[in-house]
Q: 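Please see the structure below; I have some questions.
FYI, the numbering just counts along the sequence from 1. Note that the structure is a prediction, hence the values are computed from the model and not measured.
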Amino acid sequence: MREAQAVSTADGAPNTGDAIGVVEYGPFSTAALARYALVSGDDNPLHLDLAVAQAAGFAANPVQGMLMLACFEPYLMNWRKDLFIARLSAKFLRPVFSGESIRLSGRVLRVRQAELTLRLTARNGRDEMVILAEAAALIPSQRSD
């Protein structure tokens, strides 16, 4: 993980439009893909066998989508340690390949009492959007239950 820019609002309530910051994850090595396959059960040979990936038309093994999506949790926790991620949904727009990194960024879309709606993106090294995501997060210290 390499932090390119961090914007922390942990001292106060976040506001609509606040930037979360930019953090880079990766590069994702073939060994990292194999370790993720082992612990997740996602042992699709497309991610692990270069010959299978090349037969499918890829130059390298694509990174498992859930491995990249899992990067959003530490990204958000680095921004605010008091968050509880209630929901995370994503659209995978294009593959990321072994040896590549992703850059995560985000913005607060909406603040309702203790619930935040966050727009999250991941971009590859060519600045192409690879993941468009949205999260609902709760701030327990501000909940009114």
Q: With a 4.5 Å limit on heavy-atom distance, are the side chains of Phe28 and Ser98 in contact?
A: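 No, too far: nothing below the 4.5 Å cut-off.
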Q: Determine, step by step, whether Arg87 and Glu134 satisfy the salt bridge (Lys or Arg N to Asp or Glu O under 4.0 Å) criterion, reporting the C-alpha distance in whole Å, the side-chain angles of both residues, the deciding distance to 0.1 Å, and the verdict.
A: CA-CA 8 Å; Arg87 179 183 49 80; Glu134 186 171 292; 3.5 Å; yes
Q: Say you draw a straight line from CD1 of Ile102 to CG of Asn124; how long is it, rounded to the nearest 0.5 Å?
A: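 Output value for this atom pair is 9.5 Å.
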Q: Is there a side-chain contact between Pro74 and Val23, using heavy atoms and a 4.5 Å cut-off?
A: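 No, their side chains stay 4.5 Å or more apart.
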Q: If you measure from CD on Glu24 to CZ on Arg123, what distance do you get to the nearest 0.5 Å?
A: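 Answer rounded to 0.5 Å: 14.0 Å.
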Q: Shortest non-hydrogen contact from Glu115 to Ala136?
A: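 Taking Glu115 first and Ala136 second, the nearest heavy atoms are OE2-CB, 3.8 Å.
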Q: Charged N to carboxylate O below 4.0 Å: is that the case for Glu100 and Arg126?
A: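 So Glu100 pairs with Arg126 through a salt bridge.
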Q: Is it the case that one hydrophobic cluster holds both Leu88 and Leu76, taking links as side-chain heavy atoms less than 4.5 Å apart, direct or via other members?
A: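 Per the 4.5 Å side-chain linkage, Leu88 and Leu76 are co-clustered.
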Q: How close do Ala133 and Ala90 get, heavy atom to heavy atom, and via which atoms?
A: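 Scanning both residues, the minimum pair turns out to be CB-CB, 3.9 Å.
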Q: Would you say Phe92 ends up clustered with Phe58 if hydrophobic residues are merged whenever their side chains have heavy atoms under 4.5 Å apart, either directly or through other cluster members?
A: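 The answer is no; the residues belong to distinct hydrophobic clusters.
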Q: Considering all heavy atoms of both residues, which atom of Leu120 and which atom of Ala135 are nearest to each other, and what is their separation?
A: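 Closest approach of Leu120 to Ala135: CD1-CB, 3.9 Å.
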Q: Mind checking what makes side-chain contact (heavy atoms from CB on, under 4.5 Å) contact with Gln54, not counting sequence neighbours?
A: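 Applying side-chain contact (heavy atoms from CB on, under 4.5 Å) to Gln54 gives Leu50.
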Q: Nearest heavy-atom pair of Val130 and Pro95: which atoms, and what distance?
A: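 Closest approach of Val130 to Pro95: CG1-O, 4.4 Å.
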Q: Say you draw a straight line from CG of Asp49 to CG of Asp43; how long is it, rounded to the nearest 0.5 Å?
A: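 It comes to 12.0 Å.
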Q: Once you round to the nearest 0.5 Å, how far does CG of Asp18 lie from CG of Leu116?
A: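 The CG atom of Leu116 is 9.5 Å from CG of Asp18, to the nearest 0.5 Å.
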Q: Which heavy atom of Pro62 sits nearest to which heavy atom of Ala53, and what is that distance?
A: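 So the minimum-distance heavy-atom pair works out to CD-CB, 4.2 Å.
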Q: Measure the spacing between CD1 of Ile131 and CG of Leu93 and express it to the nearest 0.5 Å.
A: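 Ile131 atom CD1 to Leu93 atom CG measures 8.0 Å (nearest 0.5 Å).
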Q: Is there a path of hydrophobic side-chain contacts, each under 4.5 Å between heavy atoms of I, L, V, M, F, W or Y residues, that connects Met129 with Val96?
A: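 No: no chain of side-chain contacts under 4.5 Å links Met129 to Val96.
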Q: At their closest point, which heavy atom of Leu46 faces which heavy atom of Ala56, and how far apart are they?
A: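 Looking at all heavy atoms of both residues, the closest pair is CD1-CB, 3.7 Å.
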Q: Kindly indicate, with the supporting measurements, whether the criterion side-chain contact (heavy atoms from CB on, under 4.5 Å) is fulfilled by Ile139 and Leu83.
A: CA-CA 5 Å; Ile139 304 173; Leu83 284 182; 3.8 Å; yes
Q: Going by atom type alone, with no hydrogens or angles, which donor-acceptor pairs under 3.5 Å involve a side-chain atom of residues 64-73 and a protein atom two or more places apart or on another chain?
A:
{"from": "Gln64", "atom 1": "NE2", "to": "Leu33", "atom 2": "O", "distance (Å)": "3.1"}

Q: Same cluster or not: Ile85 versus Ile20, using hydrophobic residues (I, L, V, M, F, W, Y) connected whenever any side-chain heavy atoms lie under 4.5 Å apart?
A: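 Both belong to a single hydrophobic cluster.
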Q: Within the side chain of Arg103, is there an N or O that forms a donor-acceptor pair under 3.5 Å with the backbone of Gly125?
A: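 No.
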Q: Check for a donor-acceptor pair, side chain of Tyr36 on one end and backbone N or O of Asp42 on the other, with a separation under 3.5 Å.
A: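 Answer holds: no.
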Q: Atom CG in Leu118, atom CG in Leu109: separation rounded to 0.5 Å?
A: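 Rounded to the nearest 0.5 Å, the CG-CG separation comes out at 7.5 Å.
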Q: Are any non-hydrogen side-chain atoms of Thr117 and Val108 less than 4.5 angstrom apart?
A: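 They are not in contact (no side-chain heavy atoms under 4.5 Å apart), so the answer is no.
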Q: Under a 3.5 Å distance rule, please check whether Tyr75 uses its side chain to pair with a backbone N or O of Tyr25 as donor and acceptor.
A: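 The answer is no, because no donor-acceptor pair under 3.5 Å joins these two groups.
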